[in-house]
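Input: a single structure, listed below in structure tokens.
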Amino acid sequence: MGDSPDEPLSRAIRLVRGFLEHGRQPTQDEVEDAVNMVFGMLAGRGEQLDRAELLKEVETLVTVFQERSLGLSDPKGHEAWLQEAKVDRSWDFWERYRWFLEDVKKLPLSVVHRLDQTTDDVLGQLEDPRRQGPWRRRGLVIGQVQSGKTGQYIGLGAKAVDAGYQFIVVLAGIHNDLRSQTQLRIDEGLLGFNTQYQMRANEPGRMRAMGAGRMPLQGRKRLDIASPTNSREDGDFGRKAAATINFPLGRFPVVLVVKKHWRILEYLRNWAVDVQGTELADGGRIVQDIPLLVIDDEADNASINTVKDPDADPTKTNQAIRELLNSFEKSAYVGYTATPFANIYIDPDAEHEKAGEDLFPESFIRSLSPPSNYLGPERVFGLRVADDDEPDIAPLPLVRHVRDVESWLPLKHKASANAKGEPPASLREAVMAFVLACAARRARGQARVHNSMLVHVTRFTRVQGQVHEQVDDLLRHLRDVLRDRYGRGAELLAEFRQLWETDFEPTTDCFAADEALPLTWEKVEAELSDALKKIIVKSINGTSQDVLDYHEHRRIGLSVIAIGGQKLSRGLTLEGLTVSYYLRWANTYDSLLQMGRWFGYRPGFEDLCRLYTTTEVQAAYVEVTSAADELRREVEEMSTLGLTPREFGLKVRASSLGLMVTAANKMSNGKRVLLSYSGEGPETVIFDLGTQAVRHNLQSLEQLVRQLDALRAPEVDGRSGTVTWAGISPDHVAAFLAGYRADRMAQRVRPRLIADYIEQCARNGELGSWTVALVSSSQATSTLFVGGHEVGPVRRGALNDDFRSEGRYTIRRVLSPVDEQLGLDDRQVRAALEETKAEARLKERPKEPKEPSGVYLRRQRDPGQALLLLYPIIVAAEAGSETSTPTYLVGFQVSFPESERHVRTEYMANGIYLQEDIYPLDAGEDGE
């Protein structure tokens, strides 16, 4: 955990990087040649290195891939400047930060390369700080939870300083610990010195250099920069901090990291205006000659104006941010968030007499793609990709279900509740899993690293205190028992071994060989006692004095079980987080995602991570993951059309589980609407296993097939057996869908609404001719007769292992993507493939698509033509059951062309979208 780049392995890695070409991913041969060259060179100097370790470290750095960011921008009032500035300005702060990321943080080559590009993308959307006259820019950068947004905006800050921005304010959350953590990251990456000991880099005496400040620069320059705030818990800005500043503004860059609190921002604005402001004719003051950059971390939290009346005074923090920006003649605002749901509902036309324009990202919106080694919501909970050629993302086997907490601490409880009796078995298992994870990391050579466990079961600090005591007692008990190697200790050791062999070993087997190192129990056992001794328990809340002092333990590593609630639910990073015990329910998309502290980067220990939670919470995360992914895809799609933020109506798919998109007071400018199935491909993925529903749907399918046979002769594929009818009336399709019995949980695909959409489109002269296909699998080992046609039923694996007891069968997808080409001619398929390839090139994906994606196939369809795919699905009989008869389900996918006249599906849309031709959702239809 040291931060010196001069260790032998680090030095060797740096030399290898020098031999590899930047800007593209090197081949395996190029990597091995470079490693051999450096290894031989250093061995000739007598330096001892493990070649295999060097090769593995380098491979880890070069195999990660990251797509380029995409976004919307508005060139109005903007003057391009960055390309020329690259030549006429020195970029020293950025260069030493880049060096720090490569040599100390050991980020993969492609990640640093992309960081360079994405920070240029954002900086280029701001104004040249040397540009004369008044100007304003406001933008939003969308990342993912724990995906590296802080590192991204530190890179932006470094480049902004190099370009000439002299006053940078970072708004870092609403709690002291998050502000302190962010200041520490700024100290490390941008300032280059420890703000607890000095305020300015070039103060007289010895500089307390840290992080990027230790990186050598050409000519051994000492970069001058200052920060009136520091990384102590009480290091925020205020009257006291302002009184201690003994340097002028405007001669060198000044960076402040402050909490998002209106009073702090008011102190800051008054100080800046008093020190540097120029008096205006109306008696006010404005800072004219110092360009301001405000970086708003977690821009959806506290920054949003939650006052519904547009003519009323905005909320205090929102107003304070706006007034700070307006107090500088030249200002830029960049919001960063992983959950932009609240930001998209900001009224773009809102303007207050005193506070000025609101924080709508009028200048640009950019979406950052995380690197391929990011452990994000899609990899934890899975993602069904419906509108691209990308494969669906199957969830990693990291979630463990909790079903035994109600007698200990009910999921819904009040502040007066008590944690009764012994901790539940699931919590005990989670703590033991954490001990095993710590021991396994030690066995893999990761001994001096941070290890964290999150326990988030209540928002009440008093109850958190009880949980702290119980977990601490449990940990002490495990230590005491394990010391007795021949009595109870042997039983506990056997329990640890069983958990390792039945849980950890099978999970590790699911990971690629280069991502996880299999371990024998003997190696883990040897580290168990030392790992257990190192673990401590801390309460992280507003009443506790405990702090997560990772920096103070950076050389030996901190192993901690963090008990908390709200303070652990946004922004705060838990270093080396492996095990999470999370039972909190949140009512909104953004709160759920932000509480997911388990997302992030887990190099060399992804397979050791665990999330203990309820099935209900898991279902909510699956839904919000899909909604967030759809929103990001919309931003990326609109960017290819060259739209501005003001021209792009943003919408978020409504929840089927009763979740809100964001807090109601942040959605006053949003409205529930029904939007179109235009260009969409709805498909069934949740099936009711009840006997009546299964029988009804099979009978409906049989009836439809006989009706189609009576209309015209079908074509039968000689290889697969798929039966296809062309030129079918929409009446037959709509009638089948209207009568289809869907599972009550299948809120995302509602056959009745789809049927209504078809009927209304038909009345408007669209969807008049259908291709209907009864899909048959050539791989089937049995056959099924449907309306006289012998077909091979398809197999679709269940996501829910206990589907029979649940009475519900859930799958990832029913569609085989190639089937969606039915009904299109060769020219249309080729055109869709070319569009798919063009998108892949735009996103700089490493592999060229071989097949067209569904979204582009649907764009090729004429508005009068559509496709209905019918899938007989076989569910094998349960082993040991009295009957050997399998269950046959009926699934479908509808491939809709883009409509020119009709729209209907439920979303929460922002004001811009509401200007378009849509139908508001009737209150009565949703029971409101």
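Quick note: residue numbers are just sequence positions, from 1. Just the heavy atoms: all of them, side chains too, but no hydrogens, waters or symmetry mates, feed the values below.
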Between [X] (side chain only) and [Y] (backbone N and O only), is there a donor and an acceptor less than 3.5 Å apart?
X	Y	answer
K149	Q144	yes
S363	R138	yes
S327	I286	no
N318	S303	yes
R179	V257	yes
Q166	G250	yes
W598	L375	no
R137	A332	no
R597	Q594	yes
T229	V258	no

Does this structure show an ion pair linking [X] with [Y], if we count only N-O contacts that are shorter than 4.0 Å?
X	Y	value
E298	K260	no
R136	E357	no
E378	R632	yes

Work out which heavy atom in [X] is nearest to a heavy atom in [Y]; give both atom names and the distance.
X	Y	answer
P361	G139	CB-C, 3.7 Å
F65	K843	CZ-O, 4.5 Å
R114	E67	NE-C, 3.3 Å
T337	T339	OG1-N, 3.0 Å
D297	A172	CB-CA, 4.5 Å
L593	A628	CD1-CB, 4.0 Å

Any side-chain heavy atom of [X] sitting closer than 4.5 Å to one from [Y]?
X	Y	answer
E323	R269	yes
L70	S367	no
H551	Q181	no
R68	S369	no
L109	H113	no
V141	Y153	no
E188	K105	yes
F252	N202	no

Sequence neighbours excluded, which residues qualify as salt bridge (Lys or Arg N to Asp or Glu O under 4.0 Å) partners of [X]?
X	value
D289	none
E835	none
R96	none
R89	D128

Residue that, paired with M210, satisfies side-chain contact (heavy atoms from CB on, under 4.5 Å) out of T195, D187, L191: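 Filter result, single survivor: D187.
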Euclidean distance, [Y] [atom2] relative to [X] [atom1], rounded to 0.5 Å:
X	Y	atom1	atom2	answer
L293	L325	CG	CG	9.5 Å
I174	K259	CD1	NZ	10.5 Å
D236	I264	CG	CD1	4.0 Å
L190	Q183	CG	CD	10.0 Å
L292	I168	CG	CD1	9.0 Å
S90	L223	OG	CG	8.0 Å

Within residues 73-82 or reaching into it, pairs that qualify as salt bridge (charged side-chain N to carboxylate O under 4.0 Å, His left out) - sequence neighbours excluded: E79-R131
All pairs passing salt bridge (charged side-chain N to carboxylate O under 4.0 Å, His left out) where residues 156-168 contributes a residue, at least two apart: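 Checked against salt bridge (charged side-chain N to carboxylate O under 4.0 Å, His left out) - neighbours excluded - the pairs reaching residues 156-168 are D116-K159, D120-K159.
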Any residue meeting side chain to side chain donor-acceptor pair (under 3.5 Å) with R200, in chain and number order, not counting sequence neighbours: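 Expected list: D224.
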Working for side-chain contact (heavy atoms from CB on, under 4.5 Å), residues V161 and W94: CA-CA 9 Å; V161 164; W94 162 252; over 6 Å; no
Which residues pass the ring-ring contact (aromatic ring centres under 6.0 Å, His included) test with [X], not counting sequence neighbours?
X	answer
Y374	Y601
F19	none
F328	F167
Y165	none

Evaluation steps, side-chain contact (heavy atoms from CB on, under 4.5 Å), between L156 and Y336: CA-CA 11 Å; L156 174 65; Y336 281 81; 3.4 Å; yes
Greater than 12 external heavy atoms within 6.0 Å of Q83's CD: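 Not buried by this count: 12 neighbours or fewer within 6.0 Å.
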Verdict with supporting geometry, K330 and Q132, side-chain contact (heavy atoms from CB on, under 4.5 Å): CA-CA 9 Å; K330 309 172 184 180; Q132 297 301 309; 4.3 Å; yes
Partner residues of A320 under the side chain to side chain contact (heavy atoms under 4.5 Å, CB included) criterion, sequence neighbours left out: W262, L265
Candidate pair Q146 and T573, rule side-chain contact (heavy atoms from CB on, under 4.5 Å), full reasoning: CA-CA 7 Å; Q146 300 284 95; T573 299; 3.6 Å; yes
